[in-house]
There are 2 protein chains.
Amino acid sequence: MNLKELSQELGLSQTTVSRALNGYPEVSEATRNRVRLAADKYGYHPNARAKGLATGQSMAIGHVIAKSTSHEMVNPIFGDFISGASEVYAQHGYDMVLSIVNDSDEATAYSNLKAKGTVDGIILHGPHLDDPRIAHLKSLDLPFLVHGRASHEVGDYAWVDVNNRRAFMRATAFLLDLGHRRIALINGLESMDFATRRRDGYLGALQARGIAPDPALMRSAEMTELYGYGSAREMLGWNAPPTAFVVSSMISALGVRRAIEERGLKLGRDISVITHDDDLSYLQNGGEVPIFTATRSSVRLAGRRAATHLLDLIAHPEKPLAHELLEAELMVGQSTGPAPA
Amino acid sequence: MNLKELSQELGLSQTTVSRALNGYPEVSEATRNRVRLAADKYGYHPNARAKGLATGQSMAIGHVIAKSTSHEMVNPIFGDFISGASEVYAQHGYDMVLSIVNDSDEATAYSNLKAKGTVDGIILHGPHLDDPRIAHLKSLDLPFLVHGRASHEVGDYAWVDVNNRRAFMRATAFLLDLGHRRIALINGLESMDFATRRRDGYLGALQARGIAPDPALMRSAEMTELYGYGSAREMLGWNAPPTAFVVSSMISALGVRRAIEERGLKLGRDISVITHDDDLSYLQNGGEVPIFTATRSSVRLAGRRAATHLLDLIAHPEKPLAHELLEAELMVGQSTGPAPA
DNA sequence: AATCATTTCCAAAGCGCTTTGAAGGTCTGT
DNA sequence: ACAGACCTTCAAAGCGCTTTGGAAATGATT
């Protein structure tokens, strides 16, 4: 069933039917209702391609996620982020198109999306400190928003980010307040912007108390369970082991906990752990009292906010670019306690 | 830059340029090269909507994932699955469009995709035992493929699945061979088809040895870490605790391990665990010797296979529907050992 | 009853591409 | 030199929608 058939069925012109359905004022309410009813009855939905061709819009947002052949990892937070974003898209009639590209092809991927007109806007994931993609997207004249920030990028661009620096500063200060002095940082890859900010927060808190950071206590890698386990296991074997850990992800924190328990130590008594918790749907941090003390910030919410801002940017390109900094909550759980004497 | 402009630039008709670019034989190689060069030079890519409108194809595949308001969970395997699928799509010039829908709206979501012509085919995720979506999709005359199967569905449909029954049969038999007699099953939600098959495999192995299953040892729920932990913790407190666990996901297995170690027991000596391992990129099962003995089957591979079959189905609708059953490998790791005397 | 302003509707052009049916050019064989 | 056969190219229609410019119908005003 297409517009032509539907309008014939109704004895109206295509124009009128189209206007009735799209809410234009030039058509009477009586006709509009008649049209709506018929559209429902025949299950009419305008063909998206034809509509897009006529309007110049695709009603779709692109999410390009880069995958290097070296580390083929799809970030585990991705599922929750797009779940949040897609809620918003659905409300506004937008589709979501996903491209997973080798990072070497990423530039051309964006150009193609633009040239082919597949999408009306793009959300950029996982920005690095110095991310050429941002300049490239700007030059394409395609609305985009960054999930995270790129510290070295000078120009303006729309973003939604978590206040990673403050979160990790607070987490570290919280441990310092509990008397901990040797605090390890199990961070994500520090080529990623978010990880650098977290380290800054950690260092800032130490500095505020006049404590010199120990480089041996700072690790940076892809955030797997094994990485958390291996790092903690090694550090706990030292003569002067850390008494607390600040960890960048729940998954790695699970590994840290394993190393702690394997040594016969008790989490929250012998060793304290604070982790960042993205509030992933399949990795809930316990019940009433969270297992881990954590800096929590829902990545699903970030997805919703990012989508909202991007759609707004598309609708109102003249408005100033959105910058939203989400604050993480510091949730006290069972994994922290005073430093052992 | 569009076709019209490009052809004017070249002094050719739109027809010739279009044919040259699409590899039709009616155009000389000399002209074709000239056209290709110019297209490259101007970065010309045909507008996807216009092309789609003309050809009747959208060159996109839809992945609809249902999200009930009760359990808002995005399956953690999803990221890896689509990562695999998108590799194949990219090779064939297809885009991937994602819709995350409330399960109540799922039927209309499919109808809309069909009516709007957004996609040329659909991959169905997470089939239940008795899944009305399959019949519905059939009635829509839209090519589709199911990741998994629906045991109660009688009609034919294309699918790619893991041999869950055999995997869990082998896992259970492996433990039985090691002398274990009280083996717990920490399964996924048994309304899901895959979980039912896994239970069947587990029961089949017990039955083959004439061992009566103990319903108390069988659990079924959403596969979180906490669920694994809670189940194992409780069972290990019993008078007659299980000596081994068969677990449906790595994440839950991490929880089981936690409960074991918390009790001061040693994994692989006091208690054995076999888990199913989807080979997720961010949850690697250890290094040379895996941490967990596991039935491993790469969900990324499943994504690749599913995409391949679906594209094939779209290109050759007359061919018989694809049914591919992937076998899981039984990888021996450090989490299993002979039953304690 | 004639005029004008509204309201309601429509025919047709256009979005950028593919593809049909046909025409102009070039080459063979006689 | 000419018909026939091919190779190469093109104009125009059509995909399903939106939207412009305009016309018909209705109602209000003189």
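The analysis underlying the following values was restricted to heavy atoms, covering all of them including side chains, and did not include hydrogens, waters or symmetry mates. Quick note on labels: first sequence line is chain A, next is B, and so on, each numbered from 1.
Side-chain proximity of B/Ser28 to the nucleotides C/dC9, D/dT9, C/dT18 is greatest for D/dT9. Candidate nucleotides C/dT18, D/dG21, D/dT9 were compared by shortest atom distance to the side chain of B/Gln14, and C/dT18 ranks first. Candidate nucleotides D/dT9, C/dT18, C/dC10 were compared by shortest atom distance to the side chain of B/Val27, and D/dT9 ranks first. Distances were taken from every side-chain heavy atom of B/Thr16 (C-beta onward) to each of D/dC10, D/dT18, D/dG16; the shortest belongs to D/dC10. Among the nucleotides C/dC10, C/dG16, D/dC17, the one closest to the side chain of A/Arg19 is C/dC10. Nearest nucleotide to the side chain of B/Leu3, out of D/dC17, C/dC17, C/dC10: C/dC17. Distance from the side chain of A/Thr31 is smallest to C/dC9 among C/dC9, D/dC17, C/dG16.
If you measure from atom CD of A/Gln57 to atom C1' of D/dT19, you get 14 Å, rounded to the nearest angstrom. One atom, OH of A/Tyr44, and another, P of D/dG16, lie 10 Å apart when rounded to the nearest Å. Counting to the nearest Å, the C1' atom of D/dG16 and the CG atom of A/Leu21 are 14 Å from each other. Spacing between atom CE of A/Met59 and atom P of D/dC17 amounts to 16 Å, rounded to whole angstrom units. Rounded to an integer number of Å, the gap from CD of A/Glu26 to C1' of D/dT18 is 12 Å. Taking atom NZ of residue B/Lys51 and atom C1' of nucleotide C/dC15, one finds them 17 Å apart after rounding to whole Å. What separates CZ of A/Arg49 from P of D/dT18 is a distance of 14 Å, to the nearest Å. Between the C1' atom of C/dG14 and the CG atom of B/Asn2 lies a distance of 13 Å, rounded to the nearest Å.
Summary of the strand contacts: B/Leu53 and B/Pro25 both lie near DNA chain D, and taking for each the nucleotide with the nearest heavy atom, the more 5' one is attributed to B/Pro25. Remark on DNA chain C: of its neighbouring residues B/Asn22 and A/Gly11, the 5'-side contact belongs to A/Gly11, judged by nearest-heavy-atom nucleotide.
Side-chain contact check for B/Leu313 versus B/Leu321: some heavy-atom pair is nearer than 4.5 Å.
A salt bridge links A/Arg300 with A/Asp80: the distance from a Lys NZ or Arg NE/NH1/NH2 to an Asp or Glu carboxylate oxygen falls below 4.0 Å.
Judged purely by distance below 3.5 Å, without hydrogens or angles, the side chains of A/Thr31 and A/Ser28 pair a donor atom with an acceptor atom. Under 3.5 Å, the side chains of B/His45 and A/Ser111 contain no donor-acceptor pair of N or O atoms. The closest side-chain donor-acceptor pair between B/Glu153 and B/Tyr157, if any, does not fall under 3.5 angstrom.
Put simply, A/Thr15 has no side-chain N or O that comes within less than 4.0 Å of OP1 or OP2 on D/dT19. Remark: A/Lys4 is not in phosphate contact with D/dG16, judged by side-chain N or O atoms under 4.0 Å from OP1 or OP2. Side-chain nitrogen and oxygen atoms of B/Ser13 include at least one within less than 4.0 Å of the OP1 or OP2 phosphate oxygen of D/dC10. In terms of phosphate contacts, B/Asn47 brings no side-chain nitrogen or oxygen within less than 4.0 Å of OP1 or OP2 of C/dC15. Regarding contacts with the backbone of C/dT19, a side-chain N or O of B/Tyr24 is found under 4.0 angstrom from either OP1 or OP2.
The residue A/Ser18 sits close to a base: some heavy atom pair falls under 4.0 Å.
Atom CG of residue A/Leu37 and atom CG of residue A/Asn33 lie 7.0 Å apart, to the nearest 0.5 angstrom.
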